[in-house]
A.B. asks: 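Can you read through this structure? Questions will come right after.
Note that this is a predicted model, so its numbers are computed, not measured. In the text below, chain A, chain B and the rest are named by the order of the sequence lines, each starting its count at 1. The basis for the numbers below is simple: all heavy atoms, side chains too, and nothing from hydrogens, waters or symmetry mates.
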Amino acid sequence: MAENVRVRYAPSPTGDPHIGNMHSALFEWLFARRHGGKFIVRIEDTDQERVVPGAVESILDGLRWLNIDWDEGPLVGGPYGPYIQSERLDNYREMAERLIRQEDGYRCYCSRERLNEMRQEQERRDQPTGYDGRCRDLSPVQRQEMEAQGGPSVVRFAMPRSGTTRVQDLIHGEVEFSNELLDDFIILKADGFPTYHLASVVDDHLMKISHVLRADEWLPSTPRHLQLYRALGFTPPQFGHLPMLLGPDRDKLSKRHGATSVLEYRDQGYLPEAVLNFMALLGWSLDDRTEVMSAETLKENFSLERVSRSPAIFDQEKLLWMNGLYIRELTAEDLAERLTPFLERGLPKELLPVDRDYLLRIVPLIRERIKLLSEAAEMITYFFQEEVDYDPADLVQRGMDQESTVAALRLARDEMTAVKVFEHQLLEDTLRAAGTTLGLAARQFFGTLRVAVTGRTATPPLFETMEVVGRERVLSRLGTAVVRLTSSN
RNA sequence: GGCGCGUUCGUCUAGUGGCCCAGGACACCGCCCUCUCAAGGCGGAGAUCGGGGGUUCGAAUCCCCCACGCGCUACCA
């Protein structure tokens, strides 16, 4: 299959790029790349009512963010365009007419009301639901009469009434369907637009798609598609149905479960490479232990044989862990760059803009302390403020009192005023000695200094932090701490 | 209701007849490191492989039945 592998991602522009959808796109893309084939994006906007303005852009944004590139499709074009179904209506009409001519299709004049009643009746009697085929056997005269009335009609496909349709699925193996259980589904709607079934079959053929990879929910309609290929005289592509993504309650992943748009993950501070890596592991594995791998490795090793048949639950916890892992591997420059938009959003406006060189000194201190880019702003405000705020009582560590705390702050200030270079190693040596002089444990002395300098009880290593904050502000904050302590009672 | 798919630690997974009284990862717990918080290291707990029958010297792996979950059953994709 090395020659001419052509795989398509066919989203319908009904909203944001859903993570489950992107998961399919990822597998399709990886398959195409693995086999040196083409990855095609095709917009399936055949349901006019569900089309959401801006959705196409969002979907493409999602792909671009994840670095999933497409060879043919919107924006890039290609030899089999247009890649938007609403611009290809003639193809579907032509094929529908051809099917009618061949008597593999027919016009159906049944009203929605009749269809609803029929379905309700079937449900009430616990019968299988589906179109009863009434218009299939209309005589030519009856047909003429219906046409003369000029009412709305749709085109249905005339399914074989017996026999079986076998699907050779690349992932599930052979799956058999009994034709008599499949009804005459609609292929062309009253508004002249095709349904998914017709449009995807026609386009997959016209676009020379070699492998139809899509989510598992499509497996039940594959026999219909196979019958369309047969009736149209097209050679069907190979099919592979990918595992779906579920929420923690095992229901199809939806908004109820939290973020479902890949763009939300972007905005929450996830790294695209982490999301990509994580998604690849949902329903696919390289081996029994490799989990962290680049897109490059994925593209070289992806294979359908290792795609699992069972659905996967989207585990945010593990994604978060992996995101932290990827953040820790970033260079300071890279992380600073990626952090900037989040800081511009999360830092108090008066502290902006962020000085890049200064940020570069802070980044190594927080790199292993954030799991999301969005966590940084809150964590580093004291690097930018002049003074920090806190409850003076926090200065007094366990086993200390106000007097010893003030003494500690004063000695620290004296020592740090005297120190030649305001550098962390020197600060540490000096202050450890001071701590001994004071008879304080490291956690007591440094705990006091930490609160005085940062206003926090948990921060990056104290001495590195003070070095970056700088002598002037450190000394000033120590002075402030003494004032606060002595004036608070 | 019908049809289809699926079922290994809480979760993602490895496993395709003996290497498995089931391996890795996240989460969880403990210890170490340590100025706090992380990160990291080490260790622990956690799956009678959905249940029941078979086949076989031997089954998570093959067959059958059942149960459960999910999907489809639209002039939605």
A.B. asks: Just by distance, no angles: are the side chains of A/Thr459 and A/Arg450 close enough, under 3.5 Å, to form a donor-acceptor pair?
C.D. replies: yes
A.B. asks: So what's B/C20 paired with, Watson-Crick or G-U wobble, going by both distances under 3.5 Å?
C.D. replies: none
A.B. asks: Can a side chain N or O of A/Arg328 be found less than 4.0 Å away from OP1 or OP2 on B/G40?
C.D. replies: yes
A.B. asks: Below 4.0 angstrom from OP1 or OP2 of B/A39, is there any side-chain N or O of A/Lys371?
C.D. replies: yes
A.B. asks: Can A/Ser404 and A/Asp401 be counted as having a side-chain donor-acceptor contact under 3.5 angstrom?
C.D. replies: yes
A.B. asks: On a whole-Å scale, what distance lies between the P atoms belonging to B/G41 and B/G24?
C.D. replies: 15 Å
A.B. asks: Quick one: which of A/Trp284, A/Tyr265, A/Tyr326, A/Phe314 gives a ring pair (Phe, Tyr, Trp, His ring centres under 6.0 Å) with A/Phe278?
C.D. replies: A/Phe314
A.B. asks: What is the pairing partner of B/A74, taking Watson-Crick or G-U wobble pairs with both distances under 3.5 Å in any strand?
C.D. replies: none
A.B. asks: Looking for any heavy atom pair under 4.0 Å, which part of the strands does A/Phe278 touch: base, sugar-phosphate only, or nothing?
C.D. replies: nothing
A.B. asks: Between B/C68 and B/C63, how many Å separate the two P atoms, rounded to a whole number?
C.D. replies: 23 Å
A.B. asks: On the nucleotide B/G6, are OP1 or OP2 found under 4.0 Å from the side-chain N or O atoms that A/His172 carries?
C.D. replies: yes
A.B. asks: Mind checking if A/Gly435 touches a base, just sugar-phosphate, or nothing, with heavy atoms under 4.0 Å?
C.D. replies: nothing
A.B. asks: Please give the nucleotide sitting opposite B/G40 as a Watson-Crick or G-U wobble pair, both distances under 3.5 Å, or none.
C.D. replies: B/C32
A.B. asks: Using atom CD1 of A/Ile171 as one end and atom P of B/C5 as the other, report the distance to the nearest whole Å.
C.D. replies: 14 Å
A.B. asks: Can you identify which nucleotide, out of B/C35, B/A39, B/G6, has its nearest atom closest to the A/Ser310 side chain?
C.D. replies: B/G6
A.B. asks: Within the 4.0 Å limit for protein heavy atoms, which parts of nucleotides 64-77 of chain B are touched? Write it as a string from 5' to 3', B for base, S for sugar-phosphate only, - for none.
C.D. replies: ------SBSSSBBB
A.B. asks: Pairing donors with acceptors under 3.5 angstrom, does anything connect the side chains of A/Asn116 and A/Gln120?
C.D. replies: no
A.B. asks: How would you label the contact of A/Pro243 with the nucleic acid (heavy atoms, under 4.0 Å): base, sugar-phosphate, or nothing?
C.D. replies: nothing
A.B. asks: Distance check, rounded to the nearest 0.5 Å: A/Ser261 atom OG versus A/Met22 atom CE?
C.D. replies: 8.0 Å
A.B. asks: Once you round it to whole Å, what is the distance between C1' of B/G10 and CD of A/Gln316?
C.D. replies: 16 Å
A.B. asks: So how far is it from A/Asp47 CG to A/Ser86 OG, rounded to the nearest 0.5 Å?
C.D. replies: 12.0 Å
A.B. asks: As a test of reading the structure: which of B/C35, B/C5, B/C26 is closest to the side chain of A/Arg443, going by heavy atoms?
C.D. replies: B/C35
A.B. asks: Is A/Arg456 near enough to B/U36 that one of its side-chain N or O atoms lies under 4.0 angstrom from OP1 or OP2?
C.D. replies: no
A.B. asks: Roughly how far, to the nearest 0.5 Å, is CZ of A/Phe157 from CG of A/Leu228?
C.D. replies: 5.0 Å
A.B. asks: Whole-Å distance between B/A25 C1' and A/Arg289 CZ?
C.D. replies: 10 Å
A.B. asks: How would you list, by chain and number, every residue that makes a salt bridge (Lys or Arg N to Asp or Glu O under 4.0 Å) with A/Arg477, sequence neighbours excluded?
C.D. replies: none
A.B. asks: Between P on B/U16 and CG on A/Leu304, what's the gap in Å once rounded to a whole number?
C.D. replies: 20 Å
A.B. asks: Report yes or no: is there a donor-acceptor pair, N or O only, under 3.5 Å between the side chain of A/Glu368 and the base of B/G40?
C.D. replies: no
A.B. asks: Return the value, rounded to whole Å, for the distance between atom CG of A/Leu372 and atom P of B/A38.
C.D. replies: 15 Å
A.B. asks: CZ of A/Arg309: more than 12 outside heavy atoms within 6.0 angstrom?
C.D. replies: no
A.B. asks: Could you tell me how far B/U61 sits from B/U56 if I compare only their C1' atoms? Round to whole Å.
C.D. replies: 13 Å
A.B. asks: Determine which nucleotide pairs with B/A67, using a 3.5 Å limit on both distances of a Watson-Crick or G-U wobble pair.
C.D. replies: B/U7
A.B. asks: Of the nucleotides B/A25, B/G23, B/G2, which has the atom closest to the A/Leu181 side chain?
C.D. replies: B/G2
A.B. asks: Using a cutoff of under 3.5 Å, can you pull out all pairs of nitrogen or oxygen atoms linking the protein to nucleotides 44-48 of chain B, with atom names and distances?
C.D. replies:
none

A.B. asks: So for A/Arg309 and B/C5, does any side-chain atom that can act as donor or acceptor lie under 3.5 Å from a complementary atom in the base?
C.D. replies: no
A.B. asks: Among B/C26, B/C35, B/U13, which is the nearest nucleotide to the side chain of A/Phe446?
C.D. replies: B/C35
A.B. asks: Between B/C28 and B/C9, how many Å separate the two C1' atoms, rounded to a whole number?
C.D. replies: 12 Å
A.B. asks: How long is the line joining CG of A/Leu286 and C1' of B/C12, in whole Å?
C.D. replies: 15 Å
A.B. asks: Of the nucleotides B/A25, B/G1, B/G23, which one has an atom closest to the side chain of A/Trp321?
C.D. replies: B/A25
A.B. asks: On a whole-Å scale, what distance lies between the P atoms belonging to B/G46 and B/G10?
C.D. replies: 11 Å
A.B. asks: So A/Asp126, base contact, sugar-phosphate only, or nothing? Heavy-atom distance under 4.0 Å.
C.D. replies: sugar-phosphate
A.B. asks: Give, for atom CG of A/Asp203 and atom CE of A/Met95, the distance between the pair rounded to the nearest 0.5 Å.
C.D. replies: 9.5 Å
A.B. asks: Ring centroid separation for A/His23 and A/Phe27, is it under 6.0 angstrom?
C.D. replies: yes
A.B. asks: Which distance, rounded to the nearest 0.5 Å, do you find between the OG1 of A/Thr290 and the CG of A/Leu281?
C.D. replies: 9.5 Å
A.B. asks: Have a look at A/His225 and tell me which of A/Phe185, A/Phe239, A/Tyr196 forms a ring pair (Phe, Tyr, Trp, His ring centres under 6.0 Å) with it.
C.D. replies: A/Tyr196
A.B. asks: Any side-chain donor-acceptor pair under 3.5 Å between A/Arg306 and A/Ser285?
C.D. replies: yes
A.B. asks: Using atom C1' of each nucleotide, how far apart are B/A60 and B/G51 to the nearest Å?
C.D. replies: 14 Å
A.B. asks: If we take the P atom in both B/C57 and B/G71, what is their distance in whole Å?
C.D. replies: 43 Å
A.B. asks: Starting at the 5' end of RNA chain B, which residue's closest nucleotide do you reach first, A/Ala442 or A/Phe177?
C.D. replies: A/Phe177
A.B. asks: Please determine, for the side chain of A/Arg450, which listed nucleotide (B/C35, B/U13, B/A14) has the closest atom?
C.D. replies: B/C35
A.B. asks: Scan A/Thr459 against the nucleic acid and name what it touches under 4.0 Å (heavy atoms): base, sugar-phosphate only, or nothing.
C.D. replies: base
A.B. asks: Can you tell me, in whole Å, how much space there is between the C1' of B/A22 and that of B/U16?
C.D. replies: 15 Å
A.B. asks: Taking atom C1' of B/U13 as reference, at what distance in whole Å does atom CG of A/Asn301 sit?
C.D. replies: 17 Å
A.B. asks: With nearest nucleotide decided by heavy atoms, which residue, A/Trp284 or A/Glu428, maps closer to the 5′ end of RNA chain B?
C.D. replies: A/Trp284
A.B. asks: For B/A45, what is the paired nucleotide under Watson-Crick or G-U wobble rules, both distances under 3.5 Å?
C.D. replies: none
A.B. asks: Provide the Watson-Crick or G-U wobble partner of B/A59, both distances under 3.5 Å; none if there is no partner.
C.D. replies: none
A.B. asks: Identify whether any heavy atom of A/Leu282 sits under 4.0 Å from a base atom; if not, whether one sits that close to sugar-phosphate; answer base, sugar-phosphate or nothing.
C.D. replies: sugar-phosphate
A.B. asks: Using whole Å, report how far CG of A/Leu219 lies from C1' of B/C5.
C.D. replies: 6 Å
